[in-house]
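Read through the structure below, which is laid out as structure tokens, and then see the notes.
Every heavy atom of this structure was used, including side-chain atoms; hydrogens, water molecules and symmetry mates were not.
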Amino acid sequence: MVQKNVLEDIELRSESVQEVLSNPPVWIVRYGISIVFVLILLFVIGCWFIKYPDVIVAKAVVTSHHPPEKLESKVNSRIVKLCVANSSIVKKGTLLAILESSANYEAVLKLDKIVSSIPSDYQTFYFPFKEISNVQLGDIQSSFSQFHKAYIENELNQKLHPYSEEINAGKSSQTENNNRLAALYEQQKLEKVKLSLSDIQYKRSLQLFEKGVISKYDLDTQKANNLQAKQAYDQISSSISQQKEAINQAKKQVVASEISQEKTNVTNLTSLFQALDELKKSIHIWKQSYLFEATYDGVFKFQNSWQENQLIKAGDLFATILPEDQGKYVSSLKVPSQNTGKIRQNQKVLIKLDNYPFQEYGMLEGRVQSMSTIADKEGNYFIEVAMPKGLQTSYGRNIKFDKELTGSADIITDEMRLIERVFYQFRKLVQR
């Protein structure tokens with residue numbers, strides 16, 4: 001009963017509303033449809049002009065072609081010496097700090113200076129071992145000892161020439177044999193003349209014997225003389241042949257000794273070069289482990305408030321060097337494999353930096369340059385993005401670059417209109 005009275009009261013109080021609803025204004029009926037049509041038309045036109053881009057989100061790291069150099073410790077050690085102050089401008093090769101090792105760092109640096117001064121096209125060089133005597137070289141000692149040994153062996157070989165005596169003896173023997181051969185040739189000429197005369201004498205004696213002028217005994221005597229002349233000539237010819245063979249043997253001896261000397265020279269030099277290369281390698285490894293050096297010009301900045309005698313662990317970041325000429329800026333993106341097939345070269349990329357809120361500073365703009373063909377172990381692809389505007393944001397503000405900038409990136413794969421996206425959804429429903 002109570003509910004019925006309430007309903008009656010409502011109906012009584014809403015008579016005016018009912019009158020309006022039962023008799024609507026003429027202008028609403030006349031223009032209502034047109035207004036609704038215009039609103040729908042404006043909505044469709046707005047959907048045509050409003051773009052709703054298709055975006056792939058990725059992690060981004062902005063750096064330069066000459067990124068800041070990170071100096072990390074490779075060993076657990078103590079800082080023996082800090083050579084430059086924080087925020088100093090350093091040049092390439094500047095010594096920044098020295099870590100504690102089993103070697104005397106002053107001796108190693110001196111040794112490195114001497115070794116570096118040896119020209120690359122050397123054949124012989126002088127090494128001042130007295131300046132490096134009785135010093136602690138630590139891990140470099142073994143390589144230095146091998147180099148010292150090879151240097152002494154090569155020096156002795158250059159001074160003594162162990163095969164020089166054999167070479168000189170062979171050449172002297174060759175000269176004497178040539179002289180003997182010349183004398184034998186002269187003697188051969190004389191014996192040849194004697195043999196010719198003996199042949200003539202024998203022929204005459206034979207004619208006289210046939211005429212009965214001389215006896216058989218005289219003929220035999222002349223024949224014996226002729227045979228002796230032939231024998232003497234043949235002996236000289238044999239001696240000449242033997243002398244030629246002796247000359248050839250002397251030549252072989254000289255050549256063999258020269259080859260042995262050359263082999264010794266090459267072997268000693270090769271051993272010396274190899275020992276020097278190993279020494280350079282050992283010094284380089286020691287420098288990488290116990291020295292911090294600048295690889296290019298820039299500003300040196302500590303990562304921590306390091307002090308001398310302070311312990312630094314392997315992997316700790318000691319300092320960074322900000323290059324003076326940073327070159328062009330680039331961004332590296334790490335993108336999951338999902339939807340990467342949509343990524344194409346020259347697509348627009350908007351980068352939002354973690355340190356600079358994009359609502360206040362704006363976003364950096366870039367273009368897709370290249371993408372890796374193979375994903376890593378985690379299934380991510382790496383994309384390189386060129387940044388033609390550098391670090392100028394969409395709000396016209398320039399971002400200061402003093403280290404790597406991290407953030408997120410939106411890769412705009414397709415600038416679809418809102419109405420296209422709506423119809424795209426309808427198309428998917430129809431296809432299903």
Close side-chain approach of [X] to [Y], heavy-atom, < 4.5 Å:
{"X": "H284", "Y": "Q288", "result": "yes"}
{"X": "F300", "Y": "L96", "result": "yes"}
{"X": "L181", "Y": "N177", "result": "no"}
{"X": "I321", "Y": "L71", "result": "yes"}
{"X": "V385", "Y": "I383", "result": "yes"}
{"X": "Q307", "Y": "I79", "result": "no"}
{"X": "L364", "Y": "L350", "result": "no"}
{"X": "F358", "Y": "Y395", "result": "no"}

Side chains of [X] and [Y] only: does a donor on one sit below 3.5 Å from an acceptor on the other?
{"X": "S143", "Y": "E278", "value": "no"}
{"X": "Q392", "Y": "N398", "value": "no"}
{"X": "Q188", "Y": "S237", "value": "yes"}
{"X": "N265", "Y": "Q261", "value": "yes"}
{"X": "T406", "Y": "D354", "value": "yes"}

For atom [atom1] of [X], decide whether the heavy atoms of other residues, nucleotides or ligands shown that lie under 6.0 angstrom number more than 12.
{"X": "I89", "atom1": "CD1", "value": "no"}
{"X": "E360", "atom1": "CD", "value": "yes"}
{"X": "Q158", "atom1": "CD", "value": "yes"}

Nearest non-hydrogen partners of [X] and [Y], listed with the distance:
{"X": "E191", "Y": "A229", "value": "OE1-O, 4.5 Å"}
{"X": "K400", "Y": "Y356", "value": "O-OH, 3.7 Å"}
{"X": "G390", "Y": "Y329", "value": "CA-CD1, 4.1 Å"}
{"X": "K287", "Y": "D112", "value": "NZ-OD2, 3.1 Å"}
{"X": "G362", "Y": "S394", "value": "CA-OG, 3.5 Å"}
{"X": "F292", "Y": "E72", "value": "CE2-O, 3.7 Å"}

If you round to the nearest 0.5 Å, how far is [atom2] of [Y] from [atom1] of [X]?
{"X": "K281", "Y": "I140", "atom1": "NZ", "atom2": "CD1", "value": "13.5 Å"}
{"X": "L195", "Y": "I236", "atom1": "CG", "atom2": "CD1", "value": "12.0 Å"}
{"X": "L272", "Y": "D277", "atom1": "CG", "atom2": "CG", "value": "9.5 Å"}
{"X": "F302", "Y": "L317", "atom1": "CZ", "atom2": "CG", "value": "11.5 Å"}
{"X": "N179", "Y": "I247", "atom1": "CG", "atom2": "CD1", "value": "9.0 Å"}

For this session: Please assess K348 against D410 for the test salt bridge (Lys or Arg N to Asp or Glu O under 4.0 Å), listing each intermediate value before the final yes or no.
Result: CA-CA 8 Å; K348 189 176 181 180; D410 294 338; over 6 Å; no

For this session: Please report the C-alpha distance between Y151 and F144 in whole Å, then the side-chain angles of each, then the deciding distance to 0.1 Å, and finally whether the ring-ring contact (aromatic ring centres under 6.0 Å, His included) criterion is met.
Result: CA-CA 10 Å; Y151 181 88; F144 180 75; over 10 Å; no

For this session: Check D376, I343, T340, L333 against Y381 for a side-chain contact (heavy atoms from CB on, under 4.5 Å) and give me the one that passes.
Result: T340

Exercise. Are any side-chain N or O atoms of S198 and backbone N or O atoms of K194, one a donor and one an acceptor, separated by less than 3.5 Å?
Worked result: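 Not at all, since once roles are kept as given, no pair shorter than 3.5 Å links the two residues.
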
Exercise. Can any side-chain N or O of S88 pair as donor or acceptor with the backbone N or O of V84 at less than 3.5 Å?
Worked result: no

Problem set entry | Worked check of side-chain contact (heavy atoms from CB on, under 4.5 Å) between Q347 and I411 | CA-CA 7 Å; Q347 286 176 337; I411 305 174; 4.0 Å; yes

For this session: List the steps, then state whether side-chain contact (heavy atoms from CB on, under 4.5 Å) holds for V61 with L405.
Result: CA-CA 6 Å; V61 177; L405 300 173; over 6 Å; no

